[in-house]
A.B. asks: 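Right, I'll just put the structure down here and ask away after.
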Amino acid sequence: MALTERIPALMREREFRRYWTGQTVSLAGDQITLMALPLAAVLVLGADAAEMGWLKTAELLPALLLNLPFGAWADRQARRRRVMIATDLGRAALVLSLPVAYVLDMLTLGQLYVVAFAVGALGVLFDVCNATLFVALVPVERYVQANSLVNGSRSMAWLAGPGAGGLLVQVLTAPFALVADAFTYLISAAYLARIAPAEPAPAPVRKGHFSEGLRWVLKNRSMRTLFAAAGTVQFFNFMFATLFVLYATTRLGLSAGVLGAILSAGAIGGLIGAVTASAVVRRIGVGPSLVAGFLGFGVPLLLVPAAHGPKPLVIGLLFAAEFLSCVGVMLVDIASGSLQMALVPDAIRSRVMGAFRTLNHGFRPLGALAGGLIGSTLDLRPTLWIATIGTVLAVVWVLPSPLARLRELPKPQSAAAQPGPAPAAAEG
């Protein structure tokens with residue numbers, strides 16, 4: 001087989017290749033910031049636990065508060081790509097303000113909070129516009145392949161980003177490591193400037209414009225099912241994530257280095273899941289892939305509270321849990337992401353994506369809070385059993401629905417489609 005025949009068809013198309021390259025570089029930069037920003041707070045400004053909590057809150061709030069209004073605004077725009085370029089440039093400027101302030105001896109925790117919130121807000125705006133740009137670039141029959149490529153980049157960023165970020169922080173100090181992230185935003189903007197897909201026309205402003213995406217999600221049977229399953233996963237997985245590091249270090253006696261290696265195994269699993277997802281969807285269909293992904297994500301996590309005995313056995317079980325679970329989560333993300341792209345009409349795409357993300361992100365702090373409260377009442381291991389069993393049970397929303405039997409992606413609805421039942425193809 002010739003080398004060009006082994007390259008995915010989409011990667012042989014110049015516009016998608018430029019789009020994918022920009023996304024890949026930007027995702028890697030995001031991982032650097034996830035490492036460098038909190039380290040700047042701790043190592044440079046001496047932040048305590050409460051101040052770190054405020055920093056994390058500043059990072060999370062935009063996704064919860066701004067997806068709906070930004071989605072409504074984005075659907076009224078004719079040039080979403082230009083908005084995305086502007087958000088990249090804005091994020092580069094915000095991130096660069098931190099090393100500049102550090103050089104001038106003016107860096108404060110308040111500035112970190114503002115930058116974390118503002119970068120998160122621009123990221124939300126980028127993402128709701130990106131949903132429309134994606135479908136302008138990719139034909140429906142290649143949604144799965146395109147999502148596999150983008151999620152593969154995300155897994156590579158998970159795998160390489162924290163290590164690269166840590167090395168940059170060690171060599172350059174945390175504020176200067178952020179220069180690398182700013183540079184990735186500029187690269188993303190440059191690649192976006194070199195593509196010109198035909199974007200869908202802006203949606204007309206009418207009564208109920210702001211809430212139309214939310215109403216569509218709640219009225220559409222397929223989207224309701226996806227929301228219920230994804231919301232269940234978000235709630236119970238954030239219960240799990242809140243306690244996992246504490247449990248692994250204090251109860252299982254694992255060092256930070258071993259724990260980091262275990263998490264890296266998850267990144268490798270995610271990469272393998274992204275690479276193989278297209279073949280799995282082709283072989284068994286979209287709906288069965290969705291079911292397999294939810295089970296593949298949740299079931300391996302049961303190994304975490306079950307782990308006990310000799311330390312090598314415990315470490316092996318946690319490696320298996322992280323690796324297999326991340327294979328499953330990539331299958332879920334790619335199958336459900338492709339299905340959402342096919343189901344949602346262009347005219348309300350950004351609003352629907354904003355509403356869906358708002359609803360799902362709302363479960364995250366609730367799950368984290370529940371994990372802390374239940375963990376302090378029942379102890380860590382029983383709470384992890386509740387969290388992992390709850391994650392597995394997310395598939396119960398999908399199994400009795402027509403989605404479980406869906407073989408092919410439905411044809412995209414017209415831009416004029418109104419909120420209502422899912423198309424027949426999506427309902428089985």
Side-chain angles (χ1 to χ4, degrees), residues 143-144 147-148 151 216-241 269-270 273-274 276-306 320-321 323-344 352 355-357 359-364 366-367 370 384-411 420-428:
Y143 282 177
V144 173
N147 273 305
S148 296
N151 278 282
W216 197 91
V217 170
L218 297 177
K219 290 181 180 180
N220 183 288
R221 183 179 179 186
S222 294
M223 287 295 287
R224 279 203 317 273
T225 300
L226 288 175
F227 162 67
T232 302
V233 166
Q234 294 280 9
F235 179 83
F236 286 106
N237 192 49
F238 267 73
M239 279 185 64
F240 175 88
T276 59
S278 291
V280 173
V281 172
R282 283 197 305 270
R283 177 65 63 89
I284 67 176
V286 177
S289 296
L290 200 61
V291 172
F294 276 116
L295 290 174
F297 172 54
V299 171
L301 294 180
L302 296 171
L303 295 174
V304 174
F323 178 85
L324 295 173
S325 181
C326 286
V327 173
V329 78
M330 278 297 159
L331 187 54
V332 169
D333 284 350
I334 290 165
S336 65
S338 301
L339 184 57
Q340 290 175 49
M341 292 295 181
L343 285 173
V344 181
V352 169
F356 194 86
R357 287 163 58 90
L359 292 169
N360 274 327
H361 283 141
F363 284 104
R364 293 181 174 185
L366 296 177
L384 288 174
W385 275 116
I386 294 171
T388 52
I389 292 171
T391 302
V392 173
L393 292 178
V395 76
V396 171
W397 294 104
V398 180
L399 285 173
S401 77
L403 287 182
R405 301 183 294 278
L406 183 66
R407 298 289 302 179
E408 304 288 341
L409 290 176
K411 293 182 179 179
E427 295 299 303

A.B. asks: How long is the span from the CD atom in Gln340 to the CG atom in Leu409, to the nearest 0.5 Å?
C.D. replies: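 That separation rounds to 11.5 Å.
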
A.B. asks: With Gln234, which residues qualify under side-chain hydrogen bond (donor to acceptor under 3.5 Å, both in side chains), at least two apart?
C.D. replies: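 Here the qualifying residues are Arg364.
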
A.B. asks: Under the ring-ring contact (aromatic ring centres under 6.0 Å, His included) test, which residues partner Phe240, sequence neighbours left out?
C.D. replies: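 For Phe240, the residues satisfying ring-ring contact (aromatic ring centres under 6.0 Å, His included) (neighbours in sequence not counted) are Phe244.
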
A.B. asks: Enter the distance from Leu343:CG to Ser338:OG here, rounded to the nearest 0.5 Å.
C.D. replies: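 Going from the CG atom of Leu343 to the OG atom of Ser338 covers 11.0 Å.
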
A.B. asks: Using the side chain to side chain contact (heavy atoms under 4.5 Å, CB included) criterion, which residues pair with Ala404? Sequence neighbours excluded.
C.D. replies: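 Checked Ala404 against side chain to side chain contact (heavy atoms under 4.5 Å, CB included); matches are Val291, Val398.
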
A.B. asks: Would you give the length of the straight line joining atom CD1 of Ile386 to atom CZ of Phe236, rounded to the nearest 0.5 angstrom?
C.D. replies: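 Ile386 atom CD1 to Phe236 atom CZ measures 8.5 Å (nearest 0.5 Å).
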
A.B. asks: Where do Val332 and Val233 land on the side-chain contact (heavy atoms from CB on, under 4.5 Å) test, with the steps shown first?
C.D. replies: CA-CA 11 Å; Val332 169; Val233 166; over 6 Å; no

A.B. asks: Not counting sequence neighbours, which residues clear side chain to side chain contact (heavy atoms under 4.5 Å, CB included) with Ser278? List them please.
C.D. replies: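 With sequence neighbours excluded, Ser278 shows a side chain to side chain contact (heavy atoms under 4.5 Å, CB included) to Val144, Gln145, Ser148, Arg282, given in chain and number order.
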
A.B. asks: Apply side chain to side chain contact (heavy atoms under 4.5 Å, CB included) to Ile284 and list each qualifying residue two or more places apart in sequence or on a separate chain.
C.D. replies: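 Result, side chain to side chain contact (heavy atoms under 4.5 Å, CB included) vs Ile284: Val280, Pro288, Ser289.
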
A.B. asks: What residues, two or more places apart in sequence or in another chain, satisfy side chain to side chain contact (heavy atoms under 4.5 Å, CB included) together with Leu324?
C.D. replies: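 For Leu324 the side chain to side chain contact (heavy atoms under 4.5 Å, CB included) partners, ignoring immediate neighbours, are Pro300.
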
A.B. asks: Scan for side chain to side chain donor-acceptor pair (under 3.5 Å) pairs involving residues 389-403, sequence neighbours excluded, and state none if there are none.
C.D. replies: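 Matches after skipping sequence neighbours: Thr232-Trp397.
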
A.B. asks: Going by heavy atoms in the side chains, are Phe297 and Asn237 under 4.5 Å from each other?
C.D. replies: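 Yes. Closest side-chain heavy atoms under 4.5 Å.
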
A.B. asks: In sequence, state the C-alpha distance, the side-chain angles, and the governing distance for Leu339 and Ser222, and then conclude on side-chain contact (heavy atoms from CB on, under 4.5 Å).
C.D. replies: CA-CA 9 Å; Leu339 184 57; Ser222 294; 5.6 Å; no

A.B. asks: Considering only distance and modelled atom types, tabulate donor-acceptor pairs under 3.5 Å from the side chains of residues 224-231, sequence neighbours left out.
C.D. replies:
residue	atom	partner	partner atom	Å
Arg224	NH1	Leu218	O	3.1
Arg224	NH1	Lys219	O	3.1
Thr225	OG1	Arg221	O	3.0

A.B. asks: Given 3.5 Å as the limit, does a donor-acceptor pair link the side chain of Thr388 with the main chain of Trp385, or not?
C.D. replies: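 Looks like yes, one N/O pair under 3.5 Å.
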
